[in-house]
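Naming: A, B, ... by sequence-line order, numbering from 1 per chain.
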Amino acid sequence: MNRRVYLDHNASTQVHPEVVAAMLPYFGERFGNPSSVHAFGQEAREGLEIAREQISHFLGVGKDEVIFTSGGTESDNLAVKGVAWARGTGHIITSEIEHHAVLRTCQFLEGQGFAVTYLPVDGEGLVDPDDVRRAIRPDTILITIMHANSEVGTVQPVEAIGPIARERGIPFHVDGVQTFGKIPIDLDRFRIDLLSFSSHKIYGPKGVAGLYVRKGTKMVAVQHGGEHERRRRAGTENVPAIVGFGKAVEIRAREMGAEALRLTALRNKLWAGIGARVPEVRLNGHPTRRLPGTLNMCFRNVESESIVLGLDLKGVGVSAGSACTSGNVEPSYVLVAMGVPLDWAMGSVRATLGRENTEEDIDYVLEVLPPLVERIRSLSPTAVS
Amino acid sequence: MNRRVYLDHNASTQVHPEVVAAMLPYFGERFGNPSSVHAFGQEAREGLEIAREQISHFLGVGKDEVIFTSGGTESDNLAVKGVAWARGTGHIITSEIEHHAVLRTCQFLEGQGFAVTYLPVDGEGLVDPDDVRRAIRPDTILITIMHANSEVGTVQPVEAIGPIARERGIPFHVDGVQTFGKIPIDLDRFRIDLLSFSSHKIYGPKGVAGLYVRKGTKMVAVQHGGEHERRRRAGTENVPAIVGFGKAVEIRAREMGAEALRLTALRNKLWAGIGARVPEVRLNGHPTRRLPGTLNMCFRNVESESIVLGLDLKGVGVSAGSACTSGNVEPSYVLVAMGVPLDWAMGSVRATLGRENTEEDIDYVLEVLPPLVERIRSLSPTAVS
Amino acid sequence: MNYSQRLIDHFRNPRNAGMMRDPDGVGEGNFDGCGDLARFSLKVVDGRVSDVRFQTYGCGPTIAASSAGSELAIGRPVSELLALSEQQVTAAVDGLPDERLHAAQVVAGAIRAAARDYLARRNTQNRSEVRPHV
Amino acid sequence: MNYSQRLIDHFRNPRNAGMMRDPDGVGEGNFDGCGDLARFSLKVVDGRVSDVRFQTYGCGPTIAASSAGSELAIGRPVSELLALSEQQVTAAVDGLPDERLHAAQVVAGAIRAAARDYLARRNTQNRSEVRPHV
Ligand SMILES: Cc1ncc(COP(=O)(O)O)c(C=O)c1O
Ligand SMILES: Cc1ncc(COP(=O)(O)O)c(C=O)c1O
């Protein structure tokens with residue numbers, strides 16, 4: 001058996017053993033429906049409220065400002081549609097490199113008559129706050145900009161965008177799915193009104209996420225039914241997952257700082273090693289305003305997925321920036337928006353590090369990756385347009 | 001410590017130990033994102049596909065006709081909005097006693113310009129198929145009727161309603177959250193085009209449910225983002241929960257028949273015992289067309305929640321049909337729709353049985369409930385209007 | 001529900017429940033839109049409450065608050081009861097969840113009404129038969 | 001991806017990869033909207049393929065299918081290759097996932113084009129220099 005090295009932590013993470021342990025009682029003894037009045041229900045509710053406390057404490061917000069959802073995608077949908085529908089009509093500002101959960105929600109709203117401005121980014125993936133300012137119209141009802149991009153890891157200047165939004169009285173939503181629990185988020189300083197944040201990117205379970213909604217922000221529910229989550233998200237709460245999420249956040253609170261430093265060092269080592277061993281490779285994203293564990297690079301004249309497969313066969317899990325599905329090549333829309341030339345963009349590979357990665361993992365990748373790239377390049381016609 | 005008797009299985013159930021065991025590897029080793037190409041992702045995808053196979057096999061449908069969602073509420077929202085939005089405009093037929101997940105979704109759609117007919121029910125909670133037929137208009141785009149009501153357990157004549165819908169070419173959605181895995185659902189014979197079904201009511205985990213969508217049914221996505229679930233439900237799949245759901249369904253397939261008989265007998269014993277020991281009590285719902293484990297009854301001149309609390313203090317978990325929240329009395333809208341008089345409706349109590357309940361549980365309830373009702377009645381002014 | 005031990009004790013073993021023969025004051029309390037109903041009857045000696053009985057229809061907390069309220073009332077001057085607040089009743093059950101505060105309102109209202117009824121009867125001394133006002 | 005062992009073996013150890021000096025026929029295949037590209041070069045002796053070389057840019061399955069396609073081609077009459085189907089190539093890697101069927105299309109297309117090129121050259125015998133058609 002190969003060594004197994006998981007370098008796809010921006011896609012999902014292994015649930016922390018302490019988190020699994022925290023969840024187990026809620027599948028068993030404490031299985032009740034938290035809306036039930038009896039002890040079985042109240043035991044479940046207790047878990048729910050502990051988690052809400054852990055998370056709101058971590059964010060430094062009120063317990064009633066946190067809504068639990070089924071995932072980052074739902075949080076984004078709820079934030080964007082919830083604010084838009086509360087107004088009924090208007091203009092939304094976002095960027096070209098948002099996650100599909102925001103982009104496609106915006107497109108859906110365009111179909112309903114809302115107007116949307118998709119701001120461009122520069123070569124390093126940054127939104128220009130002045131672009132935000134210029135895009136504001138009298139009918140702008142929402143600004144939604146992600147904190148860090150999942151593909152290239154570039155961290156947006158939300159600290160500059162927030163005040164612009166606040167000054168004009170426009171709610172500011174930040175998709176923090178990739179930053180929550182990884183780098184600090186100062187909701188007040190950044191003037192964030194809504195924050196999407198997720199569990200399975202930070203060693204919590206899948207199937208749960210949160211939306212912070214600053215008190216006073218006008219928002220309507222998007223999923224209709226019972227009166228859960230203060231009527232802002234209907235549906236029986238996913239108690240065990242929420243309990244696990246709370247625990248995961250509690251653990252992040254103590255591990256996040258040191259791990260950010262460690263991952264940055266490991267990632268830099270990986271990049272330096274690749275740069276020294278592989279010709280024609282470039283870094284994508286911002287050199288420093290970047291998620292600690294994220295490395296995105298392009299290998300010229302190599303198709304991403306052949307590297308992903310080659311590494312997979314060596315036990316290394318990375319992700320491809322381009323995906324060739326149903327015969328349609330799709331270079332990453334993020335790289336395209338950043339102006340990465342096509343012959344480079346087709347060969348983008350993302351390695352995202354996490355808590356279980358070690359120096360040895362990096363050494364191993366540096367051992368197997370360079371010959372792989374070389375072999376694949378050797379198979380290729382010299383020039384591909 | 002009291003004996004603990006859980007009689008609220010329509011609210012939620014304890015996860016089956018085999019189900020927990022099936023889920024555990026997917027928090028640990030098999031934690032990948034099923035969209036990832038590498039082995040870590042593919043191991044997760046495998047779990048997803050096994051579950052889809054287990055469930056589609058149980059339903060007798062194609063694997064691509066099953067969509068996983070985050071819960072029964074989301075399934076209902078997706079079915080009703082998904083079909084409505086695919087048409088853009090039109091008329092929907094539903095009943096007055098649907099779950100809020102359907103009712104409030106319909107109300108939301110009314111706000112968007114759709115027309116909705118809420119059909120009445122008779123004294124036993126049945127929708128009249130002839131009412132459905134009469135309600136159909138040329139612009140009717142959806143008929144949505146629940147299979148069994150969660151409060152009173154009445155099983156609707158979906159086998160008579162489906163053919164009416166099919167004959168007119170109108171999609172027929174059935175909320176089967178309370179029947180799936182409890183009584184047979186014949187999608188073809190009942191002419192069902194969409195079926196909501198859930199996990200945590202049948203000893204599977206919370207946070208996951210499904211929507212069956214018959215091939216060819218026009219439906220759009222409601223939650224926007226990535227291309228999961230054949231583009232009909234965006235968001236990283238909740239793999240461990242889905243795996244657990246699959247396992248729970250597999251177990252139901254072998255246990256359901258015998259348990260339905262056993263629960264019916266236990267429930268009848270409970271009702272007979274109460275009838276013999278407590279005066280002024282009535283059964284709600286249909287005497288025979290009813291979920292096996294569901295018993296809903298009204299104690300005259302008693303407020304439900306005092307019984308719920310009194311039983312809770314004896315270790316017995318049941319639910320109240322009326323809830324006195326924020327100073328507003330809310331008698332169950334289901335009982336009101338069934339024409340139950342208010343002085344009865346205020347005293348409704350629901351006991352719903354499940355797999356771990358025994359004869360001894362019933363004996364215990366028959367021991368503690370009658371004196372409790374008597375004591376509470378003794379505190380009450382004789383006549384309350 | 002996370003009720004206090006004291007509330008649960010009052011619910012389980014309500015003090016002073018029942019009817020009263022020839023009460024000196026009777027009052028009812030209910031809450032807008034809520035079916036809960038409490039009826040308090042007082043005996044008064046020298047301006048102080050010497051005995052109380054309640055009858056209550058309602059959820060657990062309302063029953064418990066009735067019991068606790070009855071204990072609060074006994075021995076107090078009627079004049080004080082005119083200003084009995086829901087906070088006092090809430091405190092007497094060691095607190096209530098937000099969505100059950102109505103229990104204290106119903107009970108405090110009933111006791112105040114009974115106190116007012118006593119004073120009204122005293123002021124119209126030559127009435128022979130007394131009916132509670134509803 | 002759940003690729004077959006045979007596909008993975010071809011990807012890991014591609015057979016007949018590289019360029020060819022003085023080929024008798026050269027053909028390229030690519031797929032509408034897909035960046036994948038395969039170039040096949042053939043040597044032909046007595047109407048049969050005696051040697052094959054491919055160069056491929058593409059995802060793993062396309063590389064593997066190129067290798068498998070090269071093995072399919074060797075030893076066959078060129079005339080047969082004119083009708084080489086993507087199904088044959090797919091079978092040669094023990095199947096492809098639906099969303100990777102293009103790999104076989106690209107490869108089958110390239111091999112058919114190389115066969116056509118060989119025949120075209122033979123029919124215009126007095127050409128001295130040969131360029132692959134792109
Ligand atoms: C920035 C961002 N937003 C939203 C999401 C959606 O999360 P999920 O797929 O878990 O719903 C992701 C997931 O990759 C993300 O990276
Ligand atoms: C008939 C019916 N539909 C939908 C639901 C909603 O399920 P959930 O709260 O798990 O989302 C329920 C839950 O009680 C139900 O009984």
For chain B, which residues of residues 10-19 of chain A have heavy atoms nearer than 4.5 angstrom: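 At a heavy-atom separation under 4.5 Å, chain B is reached by A/Ala11, A/Ser12, A/Thr13, A/Gln14, A/Val15.
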Within residues 78-87 of chain A, residues adjacent to chain B where the heavy-atom gap is under 4.5 Å: A/Lys81, A/Trp85
With a 4.5 angstrom heavy-atom cut-off, which part of [X] approaches chain B: side chain, backbone, both or neither?
{"X": "A/Val239", "value": "both"}
{"X": "A/Leu311", "value": "neither"}
{"X": "A/Glu237", "value": "backbone"}
{"X": "A/His228", "value": "neither"}
{"X": "A/Val222", "value": "backbone"}
{"X": "A/Ala241", "value": "neither"}
{"X": "A/Tyr6", "value": "both"}

Distance (rounded to the nearest 0.5 Å) between [X] [atom1] and [Y] [atom2]:
{"X": "A/Gln223", "Y": "B/Glu74", "atom1": "CD", "atom2": "CD", "value": "5.0 Å"}
{"X": "A/His224", "Y": "B/Leu103", "atom1": "NE2", "atom2": "CG", "value": "12.5 Å"}
{"X": "A/Arg233", "Y": "B/Thr73", "atom1": "CZ", "atom2": "OG1", "value": "7.5 Å"}
{"X": "A/Ser319", "Y": "B/His38", "atom1": "OG", "atom2": "NE2", "value": "6.5 Å"}

Side-chain donor/acceptor of A/Lys206 to backbone N/O of B/Phe31, under 3.5 Å: yes
Residue part contacting chain A, namely of B/Val5, when any heavy atom lies under 4.5 Å: backbone
